[in-house]
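Accompanying notes for the structure given below.
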Amino acid sequence: YIGIAPWNDNIEFYTFKEHRNKNYCSEALPLFIQAYLNGQLNKEVHESVIAETLGINEASIHLLEKTGFVKEAIGIRVFLPEDDEENTNKNITMLRRYEYKK
């Protein structure tokens with residue numbers, strides 16, 4: 001799966017475990033990006049696209065960098081469930097933000 005998240009216009013992609021390490025995303029991601037930037041997907045031309053990935057997801061980081069994305073920022077996202085105030089450390093995730101420009 002490759003798509004654009006409607007709530008933030010970030011690119012997202014996923015491969016089921018049984019299909020990983022077969023270069024499907026390596027082949028599809030550059031084609032999808034070009035179609036998105038050129039307006040072939042939604043008739044709107046874009047200058048760039050953003051991707052975020054977990055800081056520990058080395059496969060996604062490698063794929064994004066190999067495709068031409070440039071690291072823009074490193075940050076954290078904190079999830080604070082209302083009923084679990086004592087375990088907030090378990091709800092902190094490091095993220096990396098990448099940008100691909102035409």
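Small disclaimer: the values here were computed from a predicted structure and weren't measured.
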Query raised in the report: Can you list the steps and then say if Arg96 with Lys71 is a side chain to side chain contact (heavy atoms under 4.5 Å, CB included)?
Result: CA-CA 7 Å; Arg96 290 182 181 222; Lys71 184 170 48 177; 3.8 Å; yes

Query raised in the report: Quick one: does Asn38's side chain have a donor or acceptor within less than 3.5 Å of a partner on Gln40's backbone?
Result: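 Side chain of Asn38 to backbone of Gln40: no pair is present.
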
Requested in this report: Without swapping roles, check the side chain of Asn57 against the backbone of Ser60 for a donor-acceptor pair under 3.5 Å.
Outcome: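 Yes: the side chain of Asn57 pairs with the backbone of Ser60.
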
**Report entry** side chain to side chain contact (heavy atoms under 4.5 Å, CB included) evaluation trace for Thr15 with Tyr1
**Finding:** CA-CA 6 Å; Thr15 306; Tyr1 164 77; over 6 Å; no

Please round to the nearest 0.5 Å and tell me the distance separating atom [atom1] of [X] and atom [atom2] of [Y].
X: Leu29; Y: Leu64; atom1: CG; atom2: CG; value: 6.5 Å
X: His62; Y: Thr53; atom1: NE2; atom2: OG1; value: 13.0 Å
X: Lys101; Y: Glu47; atom1: NZ; atom2: CD; value: 9.5 Å
X: Ile4; Y: Glu12; atom1: CD1; atom2: CD; value: 8.0 Å
X: Glu72; Y: Glu99; atom1: CD; atom2: CD; value: 5.0 Å
X: Ile33; Y: Phe69; atom1: CD1; atom2: CZ; value: 3.5 Å

Report task. Tell me, yes or no, whether the heavy-atom count around Ile56 atom CD1, taken from other residues, nucleotides or ligands under 6.0 Å, exceeds 12. Result ->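 Open.
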
Requested in this report: Kindly check if the number of other-residue, nucleotide or ligand heavy atoms within 6.0 Å of CG (Asn8) is above 12?
Outcome: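 Check passes, neighbour count above 12.
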
Query raised in the report: Strictly by modelled atom types, are Tyr100 and Gln34 linked by a side-chain donor-acceptor pair under 3.5 Å?
Result: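 Result is yes, a qualifying pair exists.
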
Query raised in the report: Do Ile50 and Leu63 share a hydrophobic cluster (ILVMFWY, side-chain heavy atoms under 4.5 Å, transitive)?
Result: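 Ile50 and Leu63: separate clusters.
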
To check you understand the geometry: which heavy-atom pair defines the closest contact between [X] and [Y], and what is its length?
X: Val45; Y: Leu37; answer: CG1-O, 3.3 Å
X: Asp9; Y: Val49; answer: O-CG2, 4.3 Å
X: Cys25; Y: Pro30; answer: O-CD, 4.0 Å
X: Leu95; Y: Glu52; answer: CD1-OE1, 4.3 Å

Query raised in the report: Could you give all pairs that pass the ring pair (Phe, Tyr, Trp, His ring centres under 6.0 Å) test and reach residues 20-45, with sequence neighbours left out?
Result: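 Output for this query lists Tyr36-His46.
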
Query - Pairs where residues 56-68 contributes a residue and the test salt bridge (charged side-chain N to carboxylate O under 4.0 Å, His left out) is met, not counting sequence neighbours - result: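 Pairs touching residues 56-68 that pass the test: none.
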
Query raised in the report: If you link I, L, V, M, F, W and Y whenever their side-chain heavy atoms are under 4.5 Å apart, who else ends up in the same group as Phe16?
Result: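 Traced through the cluster, Phe16 reaches Tyr14.
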
Requested in this report: Before giving the answer on side chain to side chain contact (heavy atoms under 4.5 Å, CB included), spell out for Ile76 and Thr93 the whole-Å C-alpha distance, their side-chain angles and the decisive distance to 0.1 Å.
Outcome: CA-CA 5 Å; Ile76 60 170; Thr93 304; over 6 Å; no

